[in-house]
Structures are given as structure tokens and as C-alpha cells.
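Presented below is the structure to which this report refers.
As a basis for the values below, the full set of heavy atoms in this structure was taken, side chains included, without hydrogen atoms, waters or symmetry mates.
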Amino acid sequence: ASDLREALRNDGLALVYQPIFDAMTREIVGVEALLRWHRGNDEQIGPEEFIPVIESTELIHDVGSWVIDEACHICKQWHDAGYDSLLISANISAIELDQSQLLNHVECALEETDLYPGTLELEITESVLMQDAEASLKTLQALKEIGVKIAIDDFGTAYSSLNYLKRFPIDIIKIDKSIANNVGQDLNSATIVTTIISLAHNLGVTSLAEGVESKEQFDFLHDEKCDRAQGYLFSKPISSEDLFYLLEQKKTGTLA
Ligand code: C2E
Ligand code: CA
Ligand code: CA
């Protein structure tokens, strides 16, 4: 934890960005910000290793705030460069969701960067939402009121109550990568994906498949009318410079 405190102070933390595509037009509609920790030389540590560590300390608030600031800031830069409808999404941890600070901080970040609130999406995992559904509901409603969009992350891995799903002000359902990733291999996953897509559409929310790695998986999602797709098939998470380059290439048609 003290190494992480140091990292936060010395630019040791960074965000990488993974593009999200419209499954029909194949255009980049948004970008997910993912946290990285550069420790020492070339060592890069993934969030699954260090987020649980910082979640047990008060550091999670600083890191969480920093992620939101950074994500809003870079997104505003992309908007100013002409990609003015690009969406940005940031991941929110269970502990952040618990605190009223989150709302204040999101409001501040939006105001400071002058970013249109509807371009910011906050991703909260299904299991976190369901753990304390009543409390989550309050926070989500407050966020919704300031115009921010809400995505349920890793959907299909916990047991959502349909009752809550209807009551939660959700805009996007992200189908967990372990499910989307198996549609070619087993019939079960394919059925689950199809069911989640129609559930999303019945609720009037956007369906998004993450972890799309093959053309076959994408073709299936496309046929099932999934709205958005994200995964190694299109791009790994990349630096902000590389993401900007990708946007430019798409624009000039250098890239199919
Ligand atoms: P997540 O939000 O479900 O993010 C998707 C993870 O899948 C990312 O791992 C991403 O790099 C990876 N991924 C993307 N495309 C593919 C693919 O086609 N195949 C496979 N197998 N994997 C793919 P990453 O960056 O290691 O992040 C892991 C988790 O850490 C995230 O899962 C998220 O829950 C958490 N996380 C990341 N950044 C933050 C953050 O800023 N704050 C918080 N609280 N959590 C974060
Ligand atoms: Ca996510
Ligand atoms: Ca996920």
C-alpha cells in the first residue's frame, strides 16, 4: 500500500484505453479507461492485483478520484480534437459506490473539465450492485440525476434480481467476457448471450459484449443484434496517444 501511495504521487499510475465499437457500423463510439501501475523499470501490474490492496485502505478514494479526473480530462481533449460524441467509461469500485463523496467528485470533475455529463459512463459490477441493492439504488439515482450513464459490468456472473434490474437506472449492460468469449465453443454461452441481449432490449438499455476475441464471436453478436462490442479482436487497451492515432486512422479510412 505504501508503494501505491508513492505511485499516486509520482505518476506511477496510468490509464490505458480500450475502444468500444458500434456492432452495426463498426465505428468507435466509446472508450473504457483501465488502470495500470508501472512499478520500477518495465514492470506493469494489472488492476486485479492491486485494486484489492488499495480497496482495503483509504487510498481507494484518491485513486478512484484520480481515475475519474483523468478520464474526464482526456475525453474532453478528444472532444476538442473533433471526436465530440466519443463516450468515456470508468470503473467504480464497491467502496467508492458506498460513499457520498463519489457523487460530489463526479460533479466536480465534470464541471472542471466542462465535459457533457452524458458522455461519462460509470461501470459497476453486477455483484457489487446486488450486494447492497438498496444503497446502490440511491447512489445510482443521484448519479443519474446529474446526467451520468450507468453500466452494469460483468453481467451474467452474479444473480441479478429482475426486480432490481427494472428499478435500477441502468443505461448499459456489459455481458461478462467469460460468456461472450465462449459463444463459439458452447451452446450454453450462446443461449445466455442471446438472452441477455433480449433482456437489455426489453429493458430499453444498450447491450455490450466485452472480451470479443474472434471474428466468429463477433459475427454471432452481430446476428443477435448486440449493440456494442469490445475486445482484443478490435484492440487491446492502449495509451491515449495510440487511441488518438486509431481514431485518426479510422477517420481517414487508413483502417478498415
Ligand atoms: P473489467 O472492467 O471487466 O475490464 C475488462 C478486462 O478485460 C480488462 O482487464 C481488459 O484489459 C480485459 N480485456 C479486454 N479485452 C479482452 C479480450 O478480448 N479478452 C480478454 N481475455 N480480456 C480482455 P484489466 O485491465 O486487467 O482490468 C481488470 C479489472 O480491473 C477490470 O475488469 C475492472 O474490474 C478492474 N479495473 C480496471 N481499472 C479500474 C479502475 O480504474 N478502478 C477500479 N475500481 N477497477 C478497475
Ligand atoms: Ca469494466
Ligand atoms: Ca467486465
Gln217: side-chain hydrogen bond (donor to acceptor under 3.5 Å, both in side chains) partners, not counting sequence neighbours: none
Value rounded to 0.5 Å, distance of CD1 in Ile179 from CG in Asn188: 10.5 Å
Distance in Å, Cys226 SG paired with Phe220 CZ, rounded so as to fall on 0.5 Å steps: 10.0 Å
Test: Glu58 and Arg5 ion pair at under 4.0 Å: yes
side-chain hydrogen bond (donor to acceptor under 3.5 Å, both in side chains) assessment of Tyr83 paired with Glu248: CA-CA 10 Å; Tyr83 303 99; Glu248 295 275 284; 2.5 Å; yes
Aromatic ring pairing Tyr164/Phe168, orientation class (parallel under 30°, perpendicular over 60°, tilted between): parallel
Donor-acceptor pair, side chain of Asp242 and main chain of Ile238, under 3.5 angstrom: no
Salt bridge Arg26-Asp22, side-chain N to carboxylate O under 4.0 Å: no
Salt-bridge contact Asp154-Lys177 (side-chain N to carboxylate O under 4.0 Å): no
Side-chain (His38) to main-chain (Glu43) donor-acceptor, under 3.5 angstrom: no
Pairs involving residues 93-108, ordered by first then second residue, that meet salt bridge (Lys or Arg N to Asp or Glu O under 4.0 Å) (sequence neighbours left out): none
Connected-component partners of Leu187 among ILVMFWY, side-chain separation under 4.5 Å: none
Of all pairs that satisfy salt bridge (Lys or Arg N to Asp or Glu O under 4.0 Å), the ones with a partner from residues 224-240, not counting sequence neighbours: Glu121-Arg228
Remaining members of hydrophobic cluster (4.5 Å side-chain criterion), Met24: none
Exam field: side chain Glu126 to backbone Gly156, donor-acceptor pair closer than 3.5 Å: yes
Thr139 (side chain) donor-acceptor with Leu97 (main chain) under 3.5 angstrom: yes
Residues, nucleotides or ligands: over 12 heavy atoms within 6.0 Å of Gln185 CD: yes
Pairs flagged by side-chain hydrogen bond (donor to acceptor under 3.5 Å, both in side chains) wherever residues 63-73 is involved - sequence neighbours left out: Asp69-His105, His73-Gln77
Under 3.5 Å: donor-acceptor pair, side chain of Ser160, backbone of Leu162: no
Side-chain donor-acceptor pair present, Gln230, Lys174, cut-off under 3.5 Å: yes
Donor + acceptor pair across side chains of Asp176, Ser178 (<3.5 Å): yes
Close aromatic pair by centroid cut-off 6.0 Å: Phe50 and Trp37: yes
Gap between atom CD1 of Ile192 and atom CG of Asn182 - 0.5 Å precision: 9.5 Å
Ser89: which of Lys149, Gln18, Glu32, Glu123 passes side chain to side chain donor-acceptor pair (under 3.5 Å): Glu123
Nearest non-hydrogen partners of Ile170 and Val205, listed with the distance: O-CG1, 3.1 Å
